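Just so you know, these numbers come straight off a predicted model, no measurement behind them.
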Amino acid sequence: MKISEALRKERKSLGLTQGQMIKESKISVTHYSKMENGQNRIFIDDLILILQLRGISITQFFKKYFPSNDNIDYSQISQELNQAFYDNDVKKAKELKLKILNTKHMSTELRDRANLIIAALNSKDDKTDTAAVKQAYA
């Protein structure tokens, strides 16, 4: 589901018109209509403002419309990724990267860190690269 679709569903579940949904904001009805229809980008500031004005928690909004069906412990993957780095285990790091890429709603920070760790491990001939990465995570 796209955020625009979720926003429309939330508005309709509240029984509000588009004008009522954006009341007290500086967003025009035309702009909001285009946001709901996916014609205009929805900036995070606008989304947060709209939800706040309607008394909707951003956390609850995302849990309601973008539930995570993944029973993956993000901190566990992070620890395993760190361990793969310290063990110089490129194979394990690549497996974890695939797991990260195939998991919805996984943080981009974790994906980027997996890429960095794999690159550092692949260049293990250059000890300064690996040492610099280890120092960054110390």
So do Ile50 and Tyr32 actually touch side chain to side chain, heavy atoms under 4.5 Å?
yes
Donor-acceptor pair between Gln79 and Gln83 side chains, under 3.5 angstrom
no
From CD1 (Ile42) to CE (Met35), nearest 0.5 Å
4.5 Å
Measure the spacing between CD1 of Ile77 and NZ of Lys97 and express it to the nearest 0.5 Å.
14.5 Å
Distance in Å, Tyr86 OH paired with Asp89 CG, rounded so as to fall on 0.5 Å steps:
15.0 Å
Note: Val29 and Gly19 closest approach over all heavy atoms is CG2-CA, 3.9 Å
Are the side chain of Arg54 and the backbone of Met21 linked by a donor-acceptor contact shorter than 3.5 Å?
yes
Without swapping roles, check the side chain of Gln20 against the backbone of Thr17 for a donor-acceptor pair under 3.5 Å.
yes
Just one of Lys2, Lys9, Glu10 clears the side chain to side chain donor-acceptor pair (under 3.5 Å) bar with Tyr65, so which one?
Glu10
Polar side-chain atom of Arg8 near backbone of Glu36 as donor-acceptor pair, under 3.5 Å:
yes
Ignoring hydrogens and geometry, is there a side-chain-to-backbone donor-acceptor pair from Ser123 to Ala119 under 3.5 Å?
yes
Over all atoms of both residues, closest heavy-atom pair of Ala84 and Ala93
CB-N, 3.9 Å
Hydrophobic clusters here meaning ILVMFWY residues chained together by side-chain heavy-atom distances under 4.5 Å, can you tell me if Ile58 and Phe43 are in one?
no
How far apart are the closest heavy atoms of Ser78 and Arg113, and which atoms are they?
OG-NH2, 2.6 Å
Check whether any side-chain heavy atom of Asn37 lies under 4.5 Å from a side-chain heavy atom of Ser4, and answer yes or no.
no
Flag the pair Glu80 / Lys92 as yes when at least one side-chain heavy-atom distance between them is below 4.5 Å, and no otherwise.
yes
Contact between Ser25 and His31 at the side-chain level, heavy atoms closer than 4.5 Å - yes or no?
no
Residue pair Ile56 / Gln60, side-chain heavy-atom distance below 4.5 Å:
no
Calculate, to the nearest 0.5 Å, the distance between atoms OG1 and CD belonging to Thr30 and Gln39 respectively.
11.0 Å
Check whether Leu110 and Leu101 end up in the same hydrophobic cluster, where Ile, Leu, Val, Met, Phe, Trp and Tyr are linked by side-chain heavy atoms less than 4.5 Å apart.
no
Among Leu53, Leu47, Ile48, Leu49, which residue meets the side-chain contact (heavy atoms from CB on, under 4.5 Å) test with Leu51?
Leu47
Does Leu96 belong to the same Ile/Leu/Val/Met/Phe/Trp/Tyr cluster as Ile118, with side-chain heavy atoms less than 4.5 Å apart forming each link?
no
What closest approach, in Å, do Ile100 and Leu81 show between heavy atoms, and which atom pair accounts for it?
CD1-CD2, 4.3 Å
Rounded to the nearest 0.5 Å, what's the gap from CG on Asp112 to CD1 on Ile117? Could you check?
11.0 Å
What's the separation between atom CG in Asp46 and atom CD1 in Ile27, rounded to the nearest 0.5 Å?
4.0 Å
Kindly work out whether a path of hydrophobic side-chain contacts (I/L/V/M/F/W/Y, heavy atoms less than 4.5 Å apart) joins Leu98 to Leu121.
no
